[in-house]
J.: 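One structure is given below, represented as structure tokens, and several questions about it will come after.
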Amino acid sequence: MSIIWTIIIGLIAGLLARAIKPGNDAMGWIMTIVLGIAGALVGGFIASAIGMNADGGFIGLAFSVIGAIILLFIYELIMSKR
């Protein structure tokens, strides 16, 4: 059941990150979920680096979205060079 929750939270975090960050980020549902899950990993790393606990709830979702936005900027840099 935790894999299903990971996918759902990843989708929510990915969608929020794509809605907050301006620009055209053309990607499908699968890449949005992967973006959200990877953003949660980056956000968890950032939270632990500053000494916060982001193990769920609103704080966890907020750090997931922040991590996903960071990854979107990196994705945009890589894709603009092509």
Side-chain angles (χ1 to χ4, degrees):
M1 188 70 174
S2 67
I3 293 175
I4 294 171
W5 278 113
T6 302
I7 292 171
I8 291 170
I9 298 301
L11 176 64
I12 292 169
L15 286 174
L16 286 172
R18 288 180 60 195
I20 292 171
K21 184 195 161 291
N24 184 15
D25 303 314
M27 59 179 67
W29 289 99
I30 302 293
M31 284 302 295
T32 301
I33 292 170
V34 170
L35 170 72
I37 294 171
L41 292 173
V42 171
F45 177 75
I46 292 170
S48 66
I50 62 174
M52 293 188 69
N53 185 11
D55 288 341
F58 180 74
I59 299 293
L61 182 62
F63 275 106
S64 297
V65 171
I66 290 169
I69 290 172
I70 291 169
L71 290 177
L72 273 175
F73 278 113
I74 293 170
Y75 176 78
E76 186 177 275
L77 286 173
I78 291 170
M79 294 309 280
S80 67
K81 291 184 179 180
R82 284 188 170 183

J.: Just do the side-chain contact (heavy atoms from CB on, under 4.5 Å) check on L15 and W29 with the steps written out, would you?
T.: CA-CA 9 Å; L15 286 174; W29 289 99; 4.2 Å; yes
J.: How would you list all residue pairs meeting side chain to side chain donor-acceptor pair (under 3.5 Å) that involve residues 56-74, not counting sequence neighbours?
T.: none
J.: Which salt bridge (charged side-chain N to carboxylate O under 4.0 Å, His left out) pairs, counting each pair once, include a residue from residues 35-51, with sequence neighbours left out?
T.: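 For residues 35-51, and leaving out neighbouring residues, there are no salt bridge (charged side-chain N to carboxylate O under 4.0 Å, His left out) pairs at all.
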J.: Please round to the nearest 0.5 Å and tell me the distance separating atom CG of L72 and atom OG1 of T32.
T.: 8.5 Å
J.: Rounded to the nearest 0.5 Å, how far does CG of L16 lie from CG of L11?
T.: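 It is 9.5 Å, given to the nearest 0.5 Å.
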J.: For I69, which residues count as a side chain to side chain contact (heavy atoms under 4.5 Å, CB included) partner, sequence neighbours excluded?
T.: A17, I20, V65, F73
J.: List, one per line, each side-chain donor-acceptor pair under 3.5 Å for residues 35-52, sequence neighbours excluded.
T.:
residue : atom : partner : partner atom : Å
S48     : OG   : G44     : O            : 3.3
S48     : OG   : F45     : O            : 2.9

J.: Restricting to pairs with a member in residues 2-21, which pass salt bridge (charged side-chain N to carboxylate O under 4.0 Å, His left out), not counting sequence neighbours?
T.: K21-D25, K21-E76
J.: Kindly work out whether a path of hydrophobic side-chain contacts (I/L/V/M/F/W/Y, heavy atoms less than 4.5 Å apart) joins I74 to I66.
T.: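 Yes, same cluster.
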J.: Would you mind listing every side chain to side chain donor-acceptor pair (under 3.5 Å) that reaches into residues 7-17, with sequence neighbours excluded?
T.: none
J.: Given the rule that I, L, V, M, F, W and Y join up when any side-chain heavy atoms are under 4.5 Å apart, are I78 and L71 in one cluster?
T.: yes
J.: State, yes or no, whether a side-chain contact exists between M27 and I33 at a heavy-atom distance under 4.5 Å.
T.: no
J.: Any chain of hydrophobic side-chain contacts (each under 4.5 Å) joining Y75 to V34?
T.: no
